Asks: 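One structure, pasted below without further comment.
Keep in mind it's a predicted model, so treat the numbers as computed, not measured. In what follows, every heavy atom counts, from backbone to side chain, and hydrogens, waters and symmetry copies are set aside.
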Amino acid sequence: MATIEILGVPHAYELTAPTSCPHALVFIHGWLNSRGYWQPVISRLSDDLQCLSYDLRGFGESQSQVKTDFSRAETSLSLTPISSSALGSTIDSLYTPAAYAQDLAILLKQLNINSAWLIGHSLGGTIALWGADQIPECVKGVICINAGGGIYLKEAFEQFRSAGQKFLQVRPRWLSQIPLIDLLFTRASVAHPLERYWARQRLIDFVVADPEAALGSLLDSTTEEEINRLPELVSQLKQPVYFLAGAEDKVMEPKYVRHLASFHRLFQYCGDNVLEIPDCGHLAMLEQPDAVAAHIRSIVISH
């Protein structure tokens, strides 16, 4: 692991050796995750494709300070639902997908990566789309994994935001020490139980995520304005954009993936830019790494 400072925050990243391919693959993780989830896919690609993975600001090891007292995480989150307006403009500007895309642009510049394919999971997919918009001269294409949407369903999103806030309120440090607690994370959002190693990692990432970043990114990425902006964003991108959907994904169902994909020119009439992975839930890179790696390689080579 190496670190690089972006706007005052040290960012943890891993970069594999250069290859004969002129493009680097840049992997962007989702909400409450970290860069390590990409390792099964990167291990299948790095022999012939250079791969960069990093922790988003406030997640994993990309934090401004190491928090040893997790009571701060508990007390900083109110026990009542928080509206995005109540968070103030600071969080609004810091934790939108567009703001995270600006971090990404700085990271690529500092690492001298001038040609990249952005590969984003869930929220990371949205960040990748914004990255393609912000630095089109660098981004050659985008592959969104378990990412889609672009339809604002008021009641559903209000319930999701409320549930997310409550979920974040129960994060004492000792939670990770409860025997067998990680078993809950083997089954969440996946078609089949994950290995205990990955369940443990999900638990760790859940506990250590910066409270402000966790809440701010949740609320700022699910506003009506942000959701309704996605289709226009996708329609304006001139780079190729592909979407990998998990057939059994209950968090981002394939129909919502197809909806957002349909605004891109590659969709044509029958969804040519959507690839559905059978027997797969919301964590495709862990559940079906062979299929994900094969699709990525095929897409990048074809362009």
Side-chain angles (χ1 to χ4, degrees), residues 1-14 27-38 53-107 120-128 130-131 160-177 181-182 185 188 198 200-223 226:
M1 182 200 76
T3 60
I4 196 166
E5 190 168 299
I6 300 174
L7 302 178
V9 177
H11 279 61
Y13 73 92
E14 295 178 56
F27 294 87
I28 309 165
H29 68 77
W31 187 62
L32 293 182
N33 293 164
S34 61
R35 69 186 189 282
Y37 297 74
W38 293 112
S53 59
Y54 72 104
D55 289 340
L56 294 171
R57 174 169 33 86
F59 298 95
E61 296 178 284
S62 293
Q63 306 201 28
S64 56
Q65 58 183 3
V66 178
K67 291 180 172 58
T68 55
D69 180 6
F70 281 85
S71 63
R72 279 190 59 189
E74 299 170 68
T75 56
S76 66
L77 294 171
S78 169
L79 294 179
T80 56
I82 304 171
S83 67
S84 56
S85 60
L87 287 169
S89 59
T90 300
I91 290 182
D92 287 343
S93 62
L94 287 177
Y95 300 109
T96 60
Y100 276 110
Q102 291 173 358
D103 293 349
L104 171 62
I106 295 171
L107 175 66
H121 170 254
S122 197
L123 173 62
T126 304
I127 295 170
W130 277 105
F160 175 75
R161 288 156 66 89
S162 176
Q165 291 175 54
K166 292 175 182 176
F167 182 59
L168 289 174
Q169 288 164 9
V170 191
R171 295 196 304 151
R173 188 178 186 183
W174 48 258
L175 185 69
S176 61
Q177 305 304 317
I181 188 70
D182 55 320
F185 289 81
W198 292 114
R200 184 71 183 170
Q201 187 61 51
R202 294 181 77 184
L203 174 60
I204 291 170
D205 289 331
F206 169 62
V207 172
V208 305
D210 176 78
E212 188 178 280
L215 183 60
S217 58
L218 167 71
L219 297 181
D220 281 357
S221 64
T222 56
T223 64
E226 196 68 39

Asks: Can you name the closest pair of heavy atoms from V208 and G60 and give their distance?
Replies: CG2-O, 4.3 Å

Asks: Less than 4.5 Å apart, side chain to side chain, heavy atoms only: is that true for H29 and F59?
Replies: yes

Asks: Can you check whether I127 reaches L56 side chain to side chain, under 4.5 Å on heavy atoms?
Replies: yes

Asks: Please give me the minimum heavy-atom distance between W31 and A214, naming the atom from each residue.
Replies: NE1-O, 2.9 Å

Asks: Give, for atom CD of Q102 and atom OG1 of T96, the distance between the pair rounded to the nearest 0.5 Å.
Replies: 7.0 Å

Asks: Provide the closest heavy-atom pair for I4 versus Y13 in the form atom of the first, atom of the second, distance.
Replies: CB-CE2, 3.9 Å

Asks: What's the spacing between S221 OG and R161 CZ if we round to 0.5 Å?
Replies: 8.5 Å

Asks: Are the side chains of P211 and L168 in contact, using a 4.5 Å heavy-atom criterion?
Replies: no

Asks: Could you state the interatomic distance from CG (L203) to CG (D182), rounded to the nearest 0.5 Å?
Replies: 6.5 Å

Asks: Tell me whether the guanidinium CZ or amine NZ of R35 lies under 6.0 angstrom from the six-membered ring centre of F27 and within 45° of its axis.
Replies: no

Asks: Could you please spell out the steps behind the side-chain hydrogen bond (donor to acceptor under 3.5 Å, both in side chains) verdict for D205 and Y37?
Replies: CA-CA 11 Å; D205 289 331; Y37 297 74; 2.8 Å; yes

Asks: Kindly say whether L7 contributes a backbone atom to a donor-acceptor pair with the side chain of R57 at under 3.5 angstrom?
Replies: no

Asks: Could you give the distance from CG (L32) to CD1 (I204), rounded to the nearest 0.5 Å?
Replies: 13.5 Å

Asks: So, for T222 and L218, which heavy atoms are closest and what is the spacing to 0.1 Å?
Replies: OG1-O, 2.7 Å

Asks: Please examine the side chains of L104 and W130, heavy atoms only from C-beta on, and report whether any two atoms are closer than 4.5 Å.
Replies: no

Asks: Would you compute the distance between atom CD of Q63 and atom NE2 of H11 and round it to the nearest 0.5 angstrom?
Replies: 10.5 Å

Asks: For the backbone of E61 and the side chain of D55, can you confirm whether one donor and one acceptor N or O come within less than 3.5 Å of each other?
Replies: yes

Asks: How many angstroms lie between OH in Y100 and CG in L94, if you round to the nearest 0.5 Å?
Replies: 8.5 Å

Asks: Okay, side chain of S217, backbone of Y95: is any donor-acceptor separation there less than 3.5 Å?
Replies: no

Asks: Quick check: do L215 and Q165 have side-chain heavy atoms less than 4.5 Å from each other?
Replies: yes

